[in-house]
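Counting convention: from 1, in listed order, for ligands and their atoms alike. The first residue in the sequence is number 1, and the count goes up from there.
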Amino acid sequence: MTSAVLPTYSRANMSFETGEGSWLIARDGTRYLDLGAGIAVTGLGHAHPALVKVLQDQAGALWHTSNLYQIPHQEALAQKLSDATFADTMFFTNSGAEAMECAIKMARKYWYDKGQPDRVNIITFTGSFHGRTLATISAAGSEKLTKGFGPLVEGFINLPAGDHEALQDALDDTIAAVIVEPVQGEGGIIPLPDACLKGLRDMCDTTGALLVFDEIQCGVGRTGKLFAHEWAGVTPDIMAIAKGIGNGFPLGACLATEEAASGMTAGTHGSTYGGNPLACAVGSAVMDIVADHDFLSEVSRKSGLLRQSLEGLVASHPTIFELVRGAGLMIGLKCVVPNSDVVNACYDTHLLTVPGGDNVIRLLPAMTISDDEIKEAVARLHRAATALEGTQ
Ligand SMILES: *Cc1c(COP(=O)(O)O)cnc(C)c1O
């Protein structure tokens, strides 16, 4: 079949008609156990009843007014996020890349307004991913993202992750900000050690550079804390979120301290759709569920259960899997064989996983996954691995 859609994705030959919790159902009724959750988006599962109701109610009341007027749902969501985090203020977007764009603009404007207009450079790390706009591909810097799209946005200094000396040398008074994912997602589920996040915070405090966390994939409960940086006990000056906050309704946000956001005055930034009533009604309902101690401790408990079974999986299939790593329900299985082979073998068992960098398959299940569904998922991973062993 030829398609009228731009072929920028190599799509699997599958589509789904409905979803229920951790399951996606094809037109012929086949049920797929979904450990991808739309790439860490549907963290509360498909068709969550409370979220369906909120969206239906809002759809019957009001869709869109623009940011020319007060938007009560936007105010309410901002208050909830502010109450639960370091942030005093925030800007709402429709996607992760736009939240990162806002973070980059905010950092530069901060120094401009402080009388240091040349302090524009931003340090980023290899293997990171911050979105697909020109600024965010320039930020991540990898050739896979940037090739053919130059000239790129200037001012990004991409350093090898973990090279403290290179960081120390680069972090001078031309650096406006440092951007880091507390757990790299696309890069292959690579958690940054707590000590590194702490060290980064200290170094930024010394030079004044703003510390920006990209929690677009690892945030909103996925690691067992509301935000992944909480594990390290440090806070950023600016943080981008998206994915899980809308559970599939397009929504992102750039959160900040009052100080870091001080340059973003009336007229400096905007978005037609950003923070619209539909998105913010859903986001607000997501926060009501996720920003809860019991919910988050369940994420950690389920993570333990899954991780333990996956260690057994890796041990039983050493020619297929090398290791398991990650945080909470954000897990990477590093493969020995090409990860795409494993993703395809999982499809054959009606299990959905997501490939990632460093030859991993990503397991990003809905945080509402049940213990039985975890057992079923691991059983299917064993079957997929056994089938691949049969071809070796
Ligand atoms: C997905 C992702 C983005 C980009 O989000 P979009 O909504 O696709 O623009 C940015 N950073 C990280 C860490 C992500 O996982």
Side-chain angles (χ1 to χ4, degrees), residues 6 8-9 11 35-43 90-107 122-142 144-146 149 153 156 158 161 177-192 197 211-223 227-229 236 238-255 271 273-276 279 282-283 286 326-332 353-358 360-365:
L6 199 66
T8 57
Y9 284 97
R11 297 168 196 270
L35 297 193
I39 317 186
V41 168
T42 53
M90 65 201 67
F91 181 86
F92 288 103
T93 67
N94 315 288
S95 68
E98 289 167 283
M100 283 306 303
E101 287 275 344
C102 180
I104 292 163
K105 287 177 71 177
M106 185 182 283
I122 295 176
I123 292 176
T124 62
F125 296 101
T126 50
S128 61
F129 180 80
H130 301 299
R132 295 285 196 155
T133 62
L134 261 181
T136 54
I137 62 172
S138 305
S142 77
K144 188 168 161 251
L145 297 170
T146 59
F149 294 114
V153 175
F156 293 101
N158 197 251
V178 178
I179 298 177
V180 68
E181 288 167 86
V183 184
Q184 281 191 356
E186 305 296 309
I189 314 290
I190 305 176
L192 198 68
L197 275 189
L211 182 56
V212 180
F213 289 162
D214 179 345
E215 290 230 17
I216 290 166
Q217 190 159 152
C218 60
V220 195
R222 187 145 287 282
T223 66
F227 291 102
H229 66 263
I238 301 172
M239 175 171 74
I241 70 170
K243 294 202 165 90
I245 191 64
N247 206 65
F249 200 96
L251 175 62
C254 176
L255 284 64
S271 166
Y273 289 133
N276 104 347
V282 174
V286 168
L329 290 175
M330 183 174 184
I331 297 175
T353 65
V354 182
D358 197 33
V360 306
I361 63 167
R362 283 181 277 174
L363 311 182
L364 308 158

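- Tested against Val180, the residues Ile123, Leu197, Asp214 include a single side chain to side chain contact (heavy atoms under 4.5 Å, CB included) partner, Leu197.
- Close approach of ligand 1 to Gly131 is summarised as follows: ligand atoms under 4.0 Å from at least one heavy atom of the residue are 4 (C), 10 (C).
- Below 4.0 Å from some heavy atom of Lys243 lie the following atoms of ligand 1, by number and element: 1 (C), 2 (C), 3 (C), 14 (C), 15 (O).
- Within the listing of ligand 1, atoms 5 (O), 6 (P), 7 (O), 9 (O) sit less than 4.0 angstrom from a heavy atom of Gly96.
- Shown here for Met330 and Gln184, the closest heavy-atom pair between the two residues is CE-O, 4.2 Å.
- In this structure, Gln217 and Glu186 have side chains that are in contact, with non-hydrogen atoms separated by less than 4.5 Å.
- Distance from atom 11 (N) of ligand 1 to its nearest protein heavy atom, with residue and atom name: Asp214 OD2, 2.7 Å.
- Each of the following atoms of ligand 1 lies closer than 4.0 Å to a heavy atom of Glu181: 13 (C).
- Put simply, the side chain of Val220 reaches to within 4.5 Å of the side chain of Phe227, judged on heavy atoms.
- Phe92 pairs in a side chain to side chain contact (heavy atoms under 4.5 Å, CB included) with only one of the listed residues (Ile245, Leu251, Asn276), which is Leu251.
- A heavy-atom distance below 4.5 Å is found between the side chains of His229 and Met239.
- Between Phe129 and ligand 1, an N or O atom pair is found at a separation short of 3.5 Å.
- Applying the 4.0 Å criterion to heavy atoms of Ala97 picks out, from ligand 1, the atoms 4 (C), 5 (O), 6 (P), 9 (O).
- Close contacts of ligand 1 with Ser95, meaning ligand atoms under 4.0 Å from a residue heavy atom, involve 7 (O), 9 (O).
- Atom 8 (O) of ligand 1 is never approached by the protein to below 4.0 angstrom, counting heavy atoms only.
- A distance-only check finds a donor-acceptor pair linking the side chain of Thr124 to the backbone of Ala139 [under 3.5 Å].
- Residue His130 approaches ligand 1 through these ligand atoms, each under 4.0 Å from one of its heavy atoms: 10 (C), 11 (N).
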